[in-house]
Each structure stands twice: as structure tokens, then as C-alpha cells.
Amino acid sequence: MNTIKSAQRRKPIIEINVVPYIDIMLVLLIIFMVTTPLLTQGVKIHLPHASTQTLPADKSHPIIVTVDVQGNEYLNISANPNKPIDPITLHNIVSAELRSEAQQNQKPIVLVKGDNNASYGNVVQAMVLLQQAGASNVGLVTQPSPQQPQR
């Protein structure tokens with residue numbers, strides 16, 4: 001009789017088991033902690049807005065790297081701006097120019113002008129090269145759309 005009373009006294013435990021939820025949350029936390037640093041890497045650029053703005057007239061001449069269809073790079077401040085320039089020479093010239101302008105307390109304007117049919121990878125490589133040379137902000141040169149009024 002004692003066993004019957006003890007079976008009747010036990011009540012079922014009605015609780016939510018949160019251990020599996022905690023395990024899932026910890027796994028998700030680890031996944032986010034691993035993937036977040038990967039999202040912050042890459043080329044930092046300021047994409048052009050829908051309405052383009054012209055450069056102010058009082059600023060110094062910008063540093064412009066042009067990328068053509070074949071992937072050749074041209075630098076407007078080089079000794080011969082109409083001849084392709086190799087990446088090492090481009091890096092050296094741009095870094096020297098950026099240091100010179102920094103000593104004069106000027107903020108240089110650095111732009112990339114890519115051909116409409118140029119490979120996206122070649123344009124990005126030019127932007128990375130400019131950032132490695134010391135350019136903190138790299139812009140893209142665009143043509144205004146025909147329906148956009150000129151300023």
C-alpha cells in the first residue's frame with residue numbers, strides 16, 4: 001500500500017527544458033563571431049550617388065587612375081599620362097604625391113575612371129592599389145545621365 005501512495009504523490013514535472021535552446025544560441029553566437037570579421041574586410045569606397053556632383057574649382061587637380069578595356073592602368077600625374085603604367089610605379093608615384101599633399105595639409109581627391117566595358121575586377125584592383133598607396137577615400141568617375149540636368 002505504501003507503493004501506491006508514493007506513486008500518487010509524485011506529480012509530473014511540467015517545465016520547459018531550455019538546455020537545447022541554449023545550445024542552439026551558443027552555436028549561433030559562435031557562427032556570428034566567426035563570420036563578422038569577414039564581412040568588414042574589403043575595399044572601402046564611397047559609391048557615387050544618383051545625382052553626381054562636379055569637383056569644386058578651387059581644389060587642386062585630382063589624382064585619376066584610368067582603367068581601359070584590356071585592364072591597362074594610366075595615371076594622370078605620371079610623366080606620360082597616355083602610356084600604360086605598371087602597378088609598382090603607379091603605387092610609388094601615388095604614395096609620393098599623397099605624402100606631399102599631406103605635408104601641405106591638403107586633402108587629395110583620388111578617383112578611378114573605368115571604361116564601361118572594363119572588367120570589374122580590374123577596376124577593384126586599381127582601387128585596392130590606391131588604398132595601399134595611402135588613399136583613404138577613392139571615388140569613381142561617372143558620366144552624368146542624359147536626363148540629369150548639368151550644374
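Counting from 1, the numbers follow the sequence of the chain as shown.
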Rounded at 0.5 Å granularity, tell me how far CD in Gln70 sits from CG in Asn122. 10.0 Å
Approximate separation, where rounding is to 0.5 Å, of Arg99 CZ and Gln103 CD: 8.5 Å
Quick check for you: to the nearest 0.5 Å, what is the distance between Ile85 atom CD1 and Asn76 atom CG? 10.0 Å
Heavy-atom closest pair (Gly134 atom, Leu98 atom, distance to 0.1 Å) is C-CD1, 3.5 Å
Answer yes or no: does atom CG of Leu26 have more than 12 heavy-atom neighbours from other residues, nucleotides or ligands under 6.0 Å? yes
Under 3.5 Å, side chain of Ser100 to main-chain N/O of Ala96, donor-acceptor pair present? no
To the closest 0.5 Å, what do you measure between CE (Met127) and CG (Leu130)? 8.0 Å
Decide yes or no for Gln125 and Leu129: does some side-chain heavy atom of the first lie under 4.5 Å from some side-chain heavy atom of the second? no
For the hydrophobic clusters of this structure (ILVMFWY residues joined by side-chain heavy atoms under 4.5 Å, transitively), does one cluster hold both Met33 and Ile24? no
Assess the residue pair Val138 and Val65 against the criterion (side chain to side chain contact (heavy atoms under 4.5 Å, CB included)); give the C-alpha distance rounded to whole Å, side-chain angles, the decisive distance to 0.1 Å, and a yes or no. CA-CA 10 Å; Val138 179; Val65 175; over 6 Å; no
For residues Ser95 and Ala133, report the shortest heavy-atom separation together with the two atoms involved. CB-O, 3.3 Å
Under a single-linkage definition using a 4.5 Å side-chain heavy-atom cutoff for Ile, Leu, Val, Met, Phe, Trp and Tyr, are Tyr74 and Val123 assigned to the same hydrophobic cluster? no
How about Ile16: does its CD1 atom have over 12 heavy atoms from other parts shown lying under 6.0 Å from it? no
Hey, could you give me the CG/NZ distance between Asn137 and Lys107, rounded to the nearest 0.5 Å? 5.5 Å
Separation between NE2 of His91 and CG of Leu75, rounded to the nearest 0.5 Å: 12.5 Å
Among Val94, Leu111, Ile93, whose side-chain contact (heavy atoms from CB on, under 4.5 Å) with Ile63 holds? Val94
Heavy atoms only: give me the nearest Ala126-Val112 pair and the separation to one decimal. CB-CG1, 4.4 Å
Nearest heavy-atom approach of Pro84 to Asn72 is CB-CB, 4.0 Å
Which heavy-atom pair separates Glu101 from Pro108 by the least distance, and what is that distance? OE1-CB, 2.8 Å
So, for Ile64 and Lys113, which heavy atoms are closest and what is the spacing to 0.1 Å? CG2-CB, 4.1 Å
